[in-house]
Participant: 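Have a look at the structure that comes next, please.
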Amino acid sequence: MKVLAAMSGGVDSAVAAARAVEAGHDVTGVHLALSAKPGTLRTGARGCCTIEDAHDARRAADLMGIPFYVWDFAERFTEEVVEDFVAEYAAGRTPNPCLRCNERIKFEALLDKAIALGFDAVCTGHYARLEMVDGRPELRRSADMGKDQSYVLASLTAEQLSHAMFPLGDTTKDDVRVEAASRGLSVAKKPDSHDICFIPDGDTQKFLAGRMETKPGLLIDDATGAVLGRHAGVHEFTVGQRKGLGIDGPAADGRPRYVLALEPVSGNVRVGAVEKLAVTGISASSPVSHVELDGPVECVAQVRAHGGTAPAVAELVDGVLRVQLREPLKGVAPGQAVAIYREDAAGDIVLASATIDATS
């Protein structure tokens, strides 16, 4: 096939591209410039979109002997990922920018351009398994559960997945680094990027405060209604947060308080005991189904990129994915994604994904 390899400058995408070349595909490498003002060097190990990363990707492509380009997607990234991130926080929701980037940049904007240029598939370094079953793409968890990224890919449509390649799905991260070294790739020991790539210093509160209209509010005890303090805006909090609440002392029973709910209209933040974080019901919109969901289905639900799983029963009702958890989960918030899986001896299969609107 004619394959476009998305090369971030990291070890995973480099090895994925090398495997595509080794498999006999006609591969072209591309680095996505996602920042309008990229830094020269990475800040710690957080970023993945700097000039240095572009150079690392080019060196890897040169070593493989494949064509390489840098495509400017900064404006699209700002609109689809960064502005969405800010808007979601302003609405009191908890967004997942990595999921949005995969959905709207790598497998919408990039894939659309690749198909228009005559490419058959886009290859990335994601840790997930993908195969065609009865003419439909089947997305499964990675063999390396510690690196599994099927959760952030679960919102992709069948059409998008049919033009995707994930060569690292059956591999562990340790093996990828060993392979990179054996291939002579200079990124073999390069640290992983983490956190949010467009907030290189990791200070989300500062980033949001400079980009959204903040509304001061009150910290309210959910049990008594008592005012426990004041804050500069709901953007400073996430559901499940315990530290940095700005409350002088513990509750009357001496136990810590947690953020239970954000109220962007009033500006209030409700806090309370950890038990009140337990969620057993999820209602999620904009579902993407990978199989036909006819009636209730036994599954495993996941609400965070790493962890946050529980056995559940899910059902698609009038365009809404309703998930009833058999075991409660904590820290589940509107704006997050819920992905449901069917347990299988060969590896869990993704059934559907949707955006959480409400919990109970």
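This structure is a prediction, so every number in the text was calculated from the model and none was measured.
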Participant: Any heavy-atom pair between the side chains of Ile356 and Arg93 that's under 4.5 Å?
Facilitator: no
Participant: Under the 3.5 angstrom rule, does the side chain of Arg177 hit a backbone N or O of Ala188 as a donor-acceptor pair?
Facilitator: yes
Participant: More than 12 non-hydrogen atoms from neighbouring residues, nucleotides or ligands closer than 6.0 Å to NZ on Lys2, yes or no?
Facilitator: yes
Participant: At their closest point, which heavy atom of Asp120 faces which heavy atom of Ile115, and how far apart are they?
Facilitator: O-CD1, 4.3 Å
Participant: Does the pair Lys190 and Glu52 meet the rule for a salt bridge (Lys or Arg N to Asp or Glu O under 4.0 Å), with working shown?
Facilitator: CA-CA 12 Å; Lys190 186 174 180 177; Glu52 182 182 333; 5.2 Å; no
Participant: Is it true that the side chains of Thr172 and Asp174 contain a donor and an acceptor less than 3.5 Å apart?
Facilitator: no
Participant: Any non-hydrogen side-chain atom of Leu329 less than 4.5 Å from a side-chain atom of Ile282?
Facilitator: no
Participant: Among the clusters formed by ILVMFWY side chains lying less than 4.5 Å apart, do Val3 and Phe119 turn up in the same one?
Facilitator: no
Participant: Are the side chains of Asp62 and Arg58 in touch, meaning some heavy atoms are under 4.5 Å apart?
Facilitator: yes
Participant: One thing to verify: whether Glu292 and Arg136 come together as a salt bridge, which I'm taking to mean a side-chain N less than 4.0 angstrom from a carboxylate O.
Facilitator: no
Participant: Determine, stepwise, if the pair Lys147 / Asp12 fulfils salt bridge (Lys or Arg N to Asp or Glu O under 4.0 Å).
Facilitator: CA-CA 11 Å; Lys147 295 295 293 183; Asp12 296 326; 5.0 Å; no
Participant: Around atom NZ of Lys330, are there more than 12 heavy atoms from other residues, nucleotides or ligands closer than 6.0 Å?
Facilitator: no
Participant: Any donor-acceptor pair under 3.5 Å linking the side chain of His31 with the backbone of Val70?
Facilitator: no
Participant: For Gly267, is there any backbone N or O sitting under 3.5 Å from a side-chain donor or acceptor partner on His231?
Facilitator: yes
Participant: About how many Å separate CD of Glu315 and CG of Asp294, when rounded to the nearest 0.5 Å?
Facilitator: 10.0 Å
Participant: What is the distance from atom CD of Glu103 to atom CD of Gln160, rounded to the nearest 0.5 Å?
Facilitator: 7.5 Å
Participant: In Å, rounded to the nearest 0.5 Å, how long is the span from CG of Leu161 to CE of Met132?
Facilitator: 9.0 Å
Participant: Between Leu277 and Val332, is there a shared hydrophobic cluster once you connect ILVMFWY residues whose side-chain heavy atoms come closer than 4.5 Å?
Facilitator: no
Participant: Apply side-chain contact (heavy atoms from CB on, under 4.5 Å) to residues Arg270 and Lys276 and explain how you reach the verdict.
Facilitator: CA-CA 11 Å; Arg270 293 195 169 273; Lys276 290 193 174 183; over 6 Å; no
Participant: Heavy-atom distance under 4.5 Å between the side chains of Thr280 and Gln324, does that happen here?
Facilitator: yes
Participant: Would you say that Met1 contacts His163 through its side chain, given a criterion of any heavy-atom pair below 4.5 Å between the two side chains?
Facilitator: no
Participant: Which of parallel (below 30°), tilted (30 to 60°) and perpendicular (above 60°) describes Phe198 and Phe85?
Facilitator: perpendicular
Participant: Minimum heavy-atom separation for Leu293 and Ala352, please, with both atom names.
Facilitator: CD1-CB, 4.0 Å
Participant: Looking at every non-hydrogen atom in both residues, tell me the closest pair between Ala180 and Val15 and how far apart they are.
Facilitator: CB-CG2, 3.7 Å
Participant: Measure the shortest side-chain to side-chain distance between Lys113 and Phe73 over non-hydrogen atoms and say whether it is less than 4.5 angstrom.
Facilitator: yes
Participant: When rounded to the nearest 0.5 angstrom, what is the spacing between OG1 in Thr124 and CG in Leu153?
Facilitator: 6.5 Å
Participant: Indicate whether the side chain of Ser150 and that of Tyr341 have a donor and an acceptor atom separated by less than 3.5 Å.
Facilitator: yes
Participant: Of all heavy-atom pairs between Cys197 and Phe77, which one has the smallest distance, and what is that distance?
Facilitator: SG-CZ, 3.9 Å
Participant: I'd like to know if the side chain of Asp53 reaches the main chain of Gly9, judged simply by a donor and an acceptor atom lying under 3.5 Å from each other, with no hydrogens or angles considered.
Facilitator: no
Participant: Looking only at heavy atoms, which two atoms of Asp221 and Thr224 are closest? And how far apart?
Facilitator: OD1-N, 3.1 Å
Participant: Indicate, with yes or no, if Leu351 and Val288 share a hydrophobic cluster defined by side-chain heavy-atom contacts under 4.5 Å among Ile, Leu, Val, Met, Phe, Trp and Tyr.
Facilitator: no
Participant: Checking Lys215 side chain against Val265 main chain: does a donor-acceptor pair fall under 3.5 Å?
Facilitator: yes
Participant: Run the salt bridge (Lys or Arg N to Asp or Glu O under 4.0 Å) test on Glu108 and Arg76 for me, step by step, so that the C-alpha distance in whole Å, both residues' side-chain angles and the decisive distance to 0.1 Å come before the verdict.
Facilitator: CA-CA 11 Å; Glu108 185 174 305; Arg76 181 76 177 262; 3.0 Å; yes
Participant: Rounded to the nearest 0.5 Å, what separates atom CG in Leu260 from atom CG in Asp222?
Facilitator: 5.0 Å
Participant: For residues Trp71 and Leu34: do they belong to one hydrophobic cluster (side chain heavy atoms under 4.5 Å, members Ile, Leu, Val, Met, Phe, Trp, Tyr)?
Facilitator: yes
Participant: Side chains of Val259 and Thr238: does their closest heavy-atom pair fall under 4.5 Å?
Facilitator: no
Participant: Using a 3.5 Å distance criterion without hydrogens, assess whether the side chain of Glu88 forms a donor-acceptor pair with backbone atoms of Ala91.
Facilitator: no
Participant: Are the side chain of Arg104 and the backbone N or O of Glu80 linked by a donor-acceptor pair below 3.5 Å?
Facilitator: yes
Participant: Less than 4.5 Å apart, side chain to side chain, heavy atoms only: is that true for Val86 and Leu208?
Facilitator: yes
Participant: Please test Thr214 against His235 for side-chain contact (heavy atoms from CB on, under 4.5 Å), starting from the C-alpha separation and ending with a verdict.
Facilitator: CA-CA 8 Å; Thr214 59; His235 67 282; 3.2 Å; yes
Participant: Answer yes or no: is there a donor N or O on one side and an acceptor on the other, between the side chain of Asp148 and the main chain of Ser142, under 3.5 Å?
Facilitator: yes
Participant: With side-chain contact (heavy atoms from CB on, under 4.5 Å) as the test, would you mind laying out the steps for His126 and Leu168 before giving the verdict?
Facilitator: CA-CA 7 Å; His126 287 100; Leu168 306 187; over 6 Å; no
Participant: With side-chain contact (heavy atoms from CB on, under 4.5 Å) as the test, would you mind laying out the steps for Glu263 and Ile220 before giving the verdict?
Facilitator: CA-CA 11 Å; Glu263 300 175 351; Ile220 306 292; over 6 Å; no
Participant: Could you tell me whether the side chain of Arg129 and the main chain of Arg141 form a donor-acceptor pair under 3.5 Å?
Facilitator: yes
Participant: I need the His290 NE2 to Leu156 CG distance, nearest 0.5 Å.
Facilitator: 7.0 Å
Participant: Consider only side-chain heavy atoms of I, L, V, M, F, W and Y, link residues closer than 4.5 Å, and tell whether Tyr151 and Val350 are in one cluster.
Facilitator: yes
Participant: Do other residues, nucleotides or ligands put more than 12 heavy atoms under 6.0 Å from Glu75 CD?
Facilitator: no
Participant: What is the minimum heavy-atom distance between Arg19 and Pro167, and which atoms define it?
Facilitator: NH1-O, 3.0 Å
Participant: Okay, side chain of Asn102, backbone of Cys98: is any donor-acceptor separation there less than 3.5 Å?
Facilitator: yes
